[in-house]
Amino acid sequence: MDIQRPRGTADLLPEALGLWSAFERVALREFERANYREIRTPLFEHTELFVRGVGDTTDIVEKEMYSFQDRGGRSLTLRPEGTAGVVRAYVENKRYGRADIDKLYYLGPMFRYERPQSGRSRQFHQYGCEVFGAEAPELDAEVIALSYRILSEFGLTGLTVEVNSVGCDVCRPQHKAAMLRLVQPHAEEFCGDCQRRMERNPLRMFDCKHETCQRLLTELQVPRISDVLCADCREHLEAVLHHTALLGIPCERNPNLVRGLDYYTRTAWEVTVAGHSTVSGGGRYNSLVAELGGPETPGIGFAGGVERAVQLAIDQSLTAGEDERLDVYVVTADQTATDQATSLVDTLRRAGFMADRDFQRRSVKSQVKSADRQHARWMAVLGETELASGTVTVKDMDSGEQEIWPFLEVAERMQERRTKQEGEGK
RNA sequence: GUGAGCGUGGCGAAGGGGUUAACGCACCGGAUUGUGGAUCCGGCAUACGUGGGUUCGAUUCCCAUCGCUCACCCCA
């Protein structure tokens, strides 16, 4: 095998896809119950959209974009996240001119050029939603609840929601300036990572694992954003937590929580399981729509990683439920019966049964083993004796009983059996 | 981008400078004229990631490279 899949991509094989579709069903169901509607935007956009939307100093834009030139010389980028494209579509399609707020959800692949490791790959899948046109804290609570419920309804346990406010256009710049005033004179005393964080996203410094950095922050009495929120932001955060409590969502305040993208304002949160990477995260973005050329419109949304949810399910021993079982396996017990096998399989399929047969000219024993391996409900044997009498030997693989039926009545009789079994609740 | 570990048939896995590279699983055929499990017999497979070096000889030692895995940064 000389050509392998590109680094950081995965083949999703049938055996693994059961959990995926189980998860997707739950996500779509929860979104739709909450009156969200699906949106599908392009997998690639103009590079400029992400630079302006996500933020030009974020890791995503600085080193993780899959960008390329098309034949017309335009710079395009495989989408590294979902929000920017949805906001662009919202503005471009002028959906702001409507009376109701716009509740949208999406599910699909995203791309980031990173070193793969557990819970991280170059093509991965996110599900998420965006809501435009309301800034009431009860909406924040609804979206937080959705991000939590999708995972809990999927069956995951041990989930917590960490919530913080990163401030607004008023209090955040003030805090940042104040923080830098205190910290920059001591820049060399911080670790290399923190010195970089100072440039990019000083809030991150509170996350540093180095003890010296933490001690310095305390000694210098550097305020955390949550300590210096303006009155409106403070009030908003309290109202959000009040409503998530009404909804029974296990929220915890995390004054150190920061998100990596530039566009967040006020509420930011992550759904986590102890000892694992974040499963989903989101926040409010009240300036993003305007920054991308639309009218001042508040927005809020979250995105979760499908791979991470599925991996947690595996870790927690959740199963997807049985695959649909094969109804009939047609056994060709004699080479002369191939014509009949072909038409019997076709007849059964047209009658709505999942039917299959041997295509490798294997022995009868092998074919029966095959039927067993695939958990067929029935096998239908076509051999010399059946051909001579225009019949089919039909065996119920569960009970082991077998009968001889006229060839032309097989589908009909099976339908009767199936109806009867379903009536008995089997 | 930084650091660490690992690449032997479809899968798991032993070995180790020298004729035919174990073993287990899976699969196929037979014992059982045409029936699922077990047992026994037989069969099966283009297998030592790739390229170079050392050597009379390399799957084994050395170098490089590619890939995989994990951690850091960051994030879904």
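Every chain is numbered from 1, with letters handed out A, B, ... down the list of sequences. Reckoned from all heavy atoms, side chains included, excluding hydrogens, waters and symmetry mates.
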Which whole-number value in Å describes the distance from [X] [atom1] to [N] [atom2]?
| X | N | atom1 | atom2 | result |
| --- | --- | --- | --- | --- |
| E62(A) | C75(B) | CD | P | 12 Å |
| Q117(A) | G67(B) | CD | P | 17 Å |
| M110(A) | C74(B) | CE | P | 22 Å |
| N256(A) | C74(B) | CG | P | 13 Å |
| W269(A) | C75(B) | CH2 | C1' | 16 Å |
| E15(A) | C11(B) | CD | C1' | 13 Å |
| D396(A) | U35(B) | CG | P | 19 Å |
| D207(A) | C75(B) | CG | C1' | 12 Å |

Closest-nucleotide 5' rank along RNA chain B - winner of Y113(A) and Q126(A):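 Nearest nucleotide further toward 5': that of Y113(A).
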For [N], the Watson-Crick or wobble counterpart (both distances under 3.5 Å):
| N | answer |
| --- | --- |
| A13(B) | none |
| A71(B) | U2(B) |
| A21(B) | none |
| G7(B) | C66(B) |
| C28(B) | G42(B) |
| U60(B) | none |
| U33(B) | none |

Residue from T58(A), T57(A), D59(A) passing side-chain hydrogen bond (donor to acceptor under 3.5 Å, both in side chains) with R200(A): D59(A)
Could you check, using the six-membered ring where one of them is a Trp, whether F44(A) and F111(A) have ring centers closer than 6.0 angstrom?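 Here the rings of F111(A) and F44(A) have centres that are no less than 6.0 Å from each other.
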Mind checking if [X] touches a base, just sugar-phosphate, or nothing, with heavy atoms under 4.0 Å?
| X | result |
| --- | --- |
| E81(A) | nothing |
| S121(A) | base |
| G128(A) | nothing |

Is the base of A76(B) touched by the side chain of E114(A) through a donor-acceptor pair closer than 3.5 angstrom?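 Yes, a donor-acceptor pair under 3.5 Å.
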Ignoring hydrogens and geometry beyond distance, is the side chain of Q367(A) in donor-acceptor contact with the base of U35(B) at under 3.5 Å?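 Flag unset: no donor-acceptor pair detected.
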Just say parallel, tilted or perpendicular for the rings of F31(A) and Y36(A), cut-offs at 30° and 60°.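 Plane angle between 30° and 60°, so tilted.
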Mind checking whether W269(A) and F302(A) have parallel, tilted or perpendicular rings, split at 30° and 60°? tilted
Can you see whether T393(A) engages E386(A) through a side-chain donor-acceptor pair at a distance of less than 3.5 angstrom? yes
What are the two closest non-hydrogen atoms of R308(A) and S277(A), and how far apart are they?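 Heavy atoms of R308(A) and S277(A) come nearest at NH1-CB, 3.7 Å.
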Rounding to the closest angstrom, what is the interatomic distance between [N] and [M] at atom [atom1]?
| N | M | atom1 | value |
| --- | --- | --- | --- |
| C44(B) | C28(B) | P | 16 Å |
| C48(B) | A22(B) | P | 14 Å |
| G67(B) | U8(B) | C1' | 16 Å |
| A38(B) | U33(B) | C1' | 23 Å |
| A71(B) | G9(B) | C1' | 32 Å |
| A13(B) | G49(B) | P | 15 Å |
| U32(B) | U39(B) | C1' | 13 Å |
| G12(B) | A26(B) | P | 15 Å |

Between C68(B) and R115(A), is there an OP1 or OP2 to side-chain N/O distance shorter than 4.0 Å? no
For G67(B), does OP1 or OP2 lie under 4.0 Å from any side-chain N or O of R5(A)? no
Looking at R266(A) and R284(A), would you say the former's side chain and the latter's main chain have a donor-acceptor pair under 3.5 Å? no
Out of C74(B), A76(B), C70(B), minimum distance to the side chain of R197(A) belongs to C74(B)
Closest of U35(B), C74(B), A76(B) to the F124(A) side chain is A76(B)
Does atom OH (Y113(A)) have a neighbourhood of more than 12 heavy atoms from anything else shown, all under 6.0 Å?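 At most 12 heavy atoms, drawn from other residues, nucleotides or ligands, come within 6.0 Å of this atom.
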At under 4.0 Å between heavy atoms, which parts of nucleotides 24-34 of chain B does protein reach? Answer with one letter per nucleotide, 5' to 3': B base, S sugar-phosphate only, - none. ---SSSS---B
I would like to know whether T9(A) and S121(A) meet side-chain contact (heavy atoms from CB on, under 4.5 Å); could you show each step before the answer? CA-CA 6 Å; T9(A) 63; S121(A) 50; over 6 Å; no
Could you give me the CA-CA distance, side-chain angles and deciding distance for L292(A) and R52(A), then say whether side-chain contact (heavy atoms from CB on, under 4.5 Å) is met? CA-CA 7 Å; L292(A) 291 179; R52(A) 276 169 54 192; 4.2 Å; yes
